[in-house]
Amino acid sequence: NAGVTQTPKFRILKIGQSMTLQCTQDMNHNYMYWYRQDPGMGLKLIYYSVGAGITDKGEVPNGYNVSRSTTEDFPLRLELAAPSQTSVYFCASSHTGFEQYFGPGTRLTVT
Amino acid sequence: GQQVMQIPQYQHVQEGEDFTTYCNSSTTLSNIQWYKQRPGGHPVFLIQLVKSGEVKKQKRLTFQFGEAKKNSSLHITATQTTDVGTYFCADTNAGKSTFGDGTTLTVKP
């Protein structure tokens, strides 16, 4: 099993550009999450999903959108990128909603 | 999720010394998870505690859940350089987790 995979690993965006961060898991987990981690800080939940077709906002959803059309995929969309969205983005999945498996992360810079 | 506070933010120890990080909440926690993130890496699940007063051990790591379920601790005995990283606690409710800001451990050989 590959576990949780994220693409791209790195990306530089100009202010106002848009992009989609991809996340795929092959563990048939119902729960999936998107977090951002700013330097020296903890993880802030952006969006999460408890199953295909269901998504909910986390602590910091503004400026982001998600969809969950399949169990495996949970893409995160950034519209009109802003410097405040410079961060490391982690996707995670879980079978129970408790023990989470994280992907390797996407390092995003907005200039 | 509820807000969880972690202390200290940083801890620097000599190899062989012990290390403890604490996770505190003003309200009762349903459960607590602990994760470790190596520098430049992603968080890795270590353990979950659910019961009041629960104690679990993983080799040199000891995890405790307070009797009132408002705090938890992670203790590492005789630290090694492989223990460096940031340790996070998290509280999970209805599938949604709230992470503490973590304690970053550095170990001097």
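In what follows, chains carry the letters A, B, and so on, assigned in the order in which the sequence lines appear, proteins first and then strands, with residues in each chain numbered from 1.
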*Asks:* Using non-hydrogen atoms only, which part of A:Tyr101 is less than 4.5 Å away from chain B: side chain, backbone, both, or neither?
*Replies:* neither
*Asks:* Tell me, out of B:Pro43, B:Gly40, B:Gly41, who's got the most heavy-atom pairs with chain A below 4.5 Å.
*Replies:* B:Pro43
*Asks:* Taking B:Tyr22 as the starting point, is it possible to reach B:Leu46 by hopping between hydrophobic residues whose side chains are less than 4.5 Å apart?
*Replies:* no
*Asks:* With rounding to the nearest 0.5 Å, note down the distance linking NE2 in B:His42 to SG in A:Cys91.
*Replies:* 11.5 Å
*Asks:* Heavy atoms only, distances under 4.5 angstrom: which of A:Glu99, A:Met41, A:Glu59, A:Gln37 has the most pairs with chain B? Name it, please.
*Replies:* A:Glu99
*Asks:* Would a hydrophobic clustering, with Ile, Leu, Val, Met, Phe, Trp and Tyr connected at side-chain separations under 4.5 Å, put A:Tyr64 with A:Tyr48?
*Replies:* no
*Asks:* Would you confirm whether the ring centroid of A:Phe98 sits within less than 6.0 angstrom of the ring centroid of B:Phe45?
*Replies:* no
*Asks:* Among the options A:Gly58, A:Gly103, A:Gly105, pick out the one with the most heavy-atom pairs lying under 4.5 Å from chain B.
*Replies:* A:Gly103
*Asks:* Between chain A and each of B:Gln37, B:Gln6, B:Gln9, count heavy-atom pairs under 4.5 Å; write down the option with the most.
*Replies:* B:Gln37
*Asks:* Taking a hydrophobic cluster as the set of Ile, Leu, Val, Met, Phe, Trp and Tyr residues connected by side-chain heavy atoms closer than 4.5 Å, whether directly or through intermediates, do B:Phe99 and B:Val44 fall within one such cluster?
*Replies:* no
*Asks:* Would you say the ring centroid of A:Phe102 lies under 6.0 angstrom from that of B:Tyr35?
*Replies:* yes
*Asks:* Would you say the side chain of A:Asp56 lies within less than 4.5 Å of the side chain of B:Lys96, judging by non-hydrogen atoms?
*Replies:* no
*Asks:* Would you say CZ of B:Arg38 has more than 12 non-hydrogen atoms from neighbouring residues, nucleotides or ligands within 6.0 angstrom?
*Replies:* no
*Asks:* Select one option (side chain, backbone, both, neither) describing which atoms of B:Ala90 are under 4.5 Å from chain A's heavy atoms.
*Replies:* neither
*Asks:* So if you build clusters from Ile, Leu, Val, Met, Phe, Trp, Tyr with side-chain heavy-atom gaps below 4.5 Å, do A:Leu108 and A:Phe90 land together?
*Replies:* no
*Asks:* In terms of heavy-atom pairs under 4.5 Å, which option from B:Thr86, B:Asn31, B:Asp101 contacts chain A the most?
*Replies:* B:Asp101
*Asks:* With only heavy atoms counted, which part of A:Leu43 is less than 4.5 Å from chain B, the side chain, the backbone, both or neither?
*Replies:* both
*Asks:* If we ignore hydrogens and angles and just use 3.5 Å, is the side chain of A:Tyr33 paired with the main-chain N or O of B:Gly95 as donor and acceptor?
*Replies:* yes
*Asks:* Counting only heavy atoms not in A:Met27, do more than 12 fall under 6.0 Å of its CE?
*Replies:* yes
*Asks:* Can you name the closest pair of heavy atoms from A:Gln100 and B:Ser97 and give their distance?
*Replies:* NE2-OG, 2.8 Å
